[in-house]
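Everything below concerns the one structure shown next.
Since the structure is predicted, the reported quantities are computational estimates derived from the model, not experimental observations.
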Amino acid sequence: MTLVSRVSAFFLIALAVILLAFSVILYGLSSYYLYHHFDQRLESSLNVLVASIEVEDDDVKWEPTDHTVTLGTENGVEDVRWVVSNERGQVVGRSHNLQSTPEDQLVLNWATRRDVTAPASSTWRFRQYHLAAPRPKPLKERDYREHAELLVTAALSTNELDLALNQLAMLLIFLPTGCWILAAIGGRWFCSKAIEPVRRMSRSARAMTADDIHTRLPVAKTGDELEDLGRAFNAVLDQVFDAYERQRQFAGDAAHQLRTPLTVLQGQIEVLLRRPRSVTEYTGTLELLRGQVDEFREIVEALLFLAQPDDKIAAQNGSPIDLTGWIGDYQKKWHPHPRWNDLFFYAEPDLFSAAPPELLKQMLDNLIGNALKYSAVGSSVTVQMRRANDSILLEVSDRGRGIEVEDVRLIFQPFFRSVAARQSGIAGTGLGLSIVSRIVGALGGRIECQSVIHQGTRFNVYLPGAQVTAGRPSTNLDLSSHSLESIPVPWSHH
């Protein structure tokens with residue numbers, strides 16, 4: 001069942017229920033009102049007749065000559081018929097329009113009864129009123145006008161009322177039915193037109209292929225939820241195809257990067273196997289192979305890290321750590337580095353973060369390693385940690401060669417290396433800053449890069465801070481001579 005059919009069926013069923021309820025209620029109210037008005041007319045006629053009778057203590061008198069009664073003077077079907085009968089069932093008065101028709105004879109027969117109950121098939125409605133003298137005279141003392149009791153009966157035919165109600169019933173059947181049919185035709189057409197943008201999007205979606213990454217769903221400018229749905233779906237497609245394209249490019253770059261150490265390994269092994277070598281030659285070649293294996297391992301580990309989902313990386317978050325104490329312990333790993341004297345560390349007291357120390361270490365290793373790699377020996381590399389509103393700001397700055405403006409927005413892409421970096425002959429895989437960006441993103445932070453050619457580069461990493469109210473770890477900071485105050489203020493980009 002199509003969506004148009006389901007929507008149309010729902011509204012048509014609802015409309016049918018509403019029309020049926022409206023028709024039943026309208027017919028019931030109309031019938032009640034008409035019958036009530038009909039009974040009031042019959043009751044008024046009976047009251048007029050009763051008012052023409054004189055009731056005394058010893059008799060009841062019917063004197064039509066003394067009281068002018070105009071009821072029943074016309075012979076129409078809708079006119080009132082009336083009969084006045086005494087205690088013996090004798091008719092002492094009746095309306096002029098009572099004829100010898102079978103219907104009128106039924107009225108005469110019912111008029112002499114004390115309890116009128118018309119049969120279900122009757123087309124007449126009756127009202128009766130009984131009048132009796134409290135102490136009637138004996139029959140022999142009364143004249144023809146005097147009676148012990150009188151029964152007044154008024155009757156009115158319901159033929160015209162029933163006809164009007166039947167016509168109303170037909171109107172309430174056929175008119176709503178016609179309206180329902182028109183609503184069904186018009187509603188289905190309207191639903192079809194309203195759902196047409198969805199059909200177009202469905203046809204376009206079925207025609208899409210993985211190779212045609214530029215195809216998007218057609219979005220009609222309807223200004224409603226369908227337009228929002230189309231735009232939202234196209235935005236999702238943009239993200240999916242963008243991720244697909246990056247993944248395809250990433251796979252190609254990874255294959256290219258892995259091919260280089262493998263080619264070197266294969267070439268060295270082939271050269272080594274061409275003829276017997278001395279121990280010194282074997283040792284030198286094995287050292288070269290070990291270097292290539294280490295590079296190969298670094299690339300593989302970086303690829304495995306980048307392949308992890310962000311939620312798995314973020315799941316490593318633990319209890320808050322004292323960054324001030326942690327950076328004091330971290331700096332010790334750089335003591336053996338040849339450029340240890342170029343490194344300067346600084347951290348404000350009482351800085352806490354829930355970032356896992358392993359991820360912080362990997363992030364700082366990559367940032368500091370890049371700063372040392374692309375700056376001259378003797379130039380300073382500064383690492384600072386301080387508060388920035390509700391965040392922790394980690395700055396790593398150097399005074400190296402800098403990065404071109406057009407390359408700054410590309411440096412966090414996997415395997416990207418600028419032309420200047422490749423031409424300089426400095427070894428690298430182009431994965432370090434990609435890993436840093438993934439770590440920062442997984443930890444809920446952000447990273448910025450500012451660089452000026454021939455002046456230096458600064459990376460600003462903003463990480464969420466953590467509140468510690470009790471059990472705060474003690475600071476273990478040992479910066480010795482490598483404090484910020486012992487060097488000039490790092491470069492700034494205005």
Side-chain angles (χ1 to χ4, degrees), residues 298-299 301-302 305-306 313 321 323-324 326-348 351 353 355-377 379-386 388 391-403 407-418 420-421 424 426-452 455-464 479 482 484 487 490-493:
E298 292 176 0
I299 295 176
E301 289 179 352
F305 179 84
L306 292 175
I313 299 175
I321 62 170
L323 294 180
T324 308
W326 178 85
I327 195 67
D329 293 333
Y330 169 78
Q331 65 163 338
K332 296 175 182 177
K333 70 160 289 184
W334 291 95
H335 286 180
H337 195 278
R339 292 190 58 186
W340 160 247
N341 291 327
D342 295 337
L343 288 173
F344 297 87
F345 294 85
Y346 172 76
E348 290 183 358
L351 295 179
S353 174
E358 296 78 9
L359 294 183
L360 285 175
K361 175 180 177 299
Q362 188 174 7
M363 179 180 64
L364 270 180
D365 284 349
N366 290 349
L367 290 176
I368 296 174
N370 264 18
L372 294 174
K373 185 187 299 184
Y374 295 105
S375 63
V377 176
S379 62
S380 62
V381 173
T382 306
V383 180
Q384 301 184 69
M385 284 187 177
R386 56 187 174 87
S391 302
I392 303 297
L393 174 58
L394 169 63
E395 294 182 1
V396 178
S397 57
D398 64 66
R399 297 179 178 179
R401 64 180 64 214
I403 304 172
D407 292 335
V408 170
R409 61 185 180 86
L410 302 174
I411 57 177
F412 298 110
Q413 295 183 7
F415 300 111
F416 175 79
R417 299 194 71 208
S418 65
S424 66
I426 299 175
T429 62
L431 293 173
L433 291 179
S434 298
I435 293 175
V436 171
S437 178
R438 283 294 305 280
I439 293 175
V440 173
L443 296 178
R446 60 187 175 90
I447 184 170
E448 299 173 351
C449 176
Q450 299 174 340
S451 185
V452 178
Q455 294 189 31
T457 302
R458 179 171 62 206
F459 288 94
N460 297 331
V461 178
Y462 295 87
L463 297 176
L479 301 181
H482 290 74
L484 186 63
I487 63 170
W491 72 277
S492 61
H493 176 54

[atom1] of [X] to [atom2] of [Y]: how many Å apart, nearest 0.5 Å?
X	Y	atom1	atom2	result
Ile392	Leu351	CD1	CG	4.5 Å
Tyr346	Glu395	OH	CD	11.5 Å
His335	Asn341	NE2	CG	10.0 Å
Leu360	Ile321	CG	CD1	5.0 Å
Ile368	Phe459	CD1	CZ	12.5 Å
Trp340	Lys333	CH2	NZ	12.0 Å

Within a strict 4.5 Å, meaning less than it, do heavy atoms of the [X] and [Y] side chains meet?
X	Y	result
Leu433	Phe416	no
Tyr462	Glu448	yes
Ile411	Ser418	no
Asn370	Val396	no

Practice task
Take Leu367 and Val461 through the test side chain to side chain contact (heavy atoms under 4.5 Å, CB included) and record every step on the way to the result.
Solution key: CA-CA 10 Å; Leu367 290 176; Val461 178; 4.1 Å; yes
Practice task
Using modelled atom types only, decide if a donor and an acceptor are shared between the side chain of Arg399 and the backbone of Ala376 within a distance under 3.5 Å.
Solution key: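 Flag not set: sc Arg399 to bb Ala376 has no pair under 3.5 Å.
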Practice task
Determine yes or no for a side-chain-to-main-chain donor-acceptor pair under 3.5 angstrom, with Ser397 supplying the side chain and Thr457 the backbone.
Solution key: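 Not at all, since once roles are kept as given, no pair shorter than 3.5 Å links the two residues.
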Problem - Parallel, tilted or perpendicular: rings of Trp334 and Tyr330 (30°, 60°) - result: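 Aromatic pair Tyr330/Trp334 classed perpendicular.
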Heavy-atom pair of closest approach, residues [X] and [Y]:
X	Y	result
Asn366	Val436	CB-CG2, 3.6 Å
Gln362	Ile435	NE2-CG2, 3.6 Å
Ile447	Phe412	CD1-CE2, 3.7 Å
Ser379	Asp342	O-CB, 3.3 Å
Leu394	Met363	CD2-CE, 3.7 Å
Glu348	Thr324	O-OG1, 2.5 Å

Handout entry: Side-chain donor-acceptor pair present, Arg339, Ser375, cut-off under 3.5 Å
Key =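 There is such a pair between these side chains.
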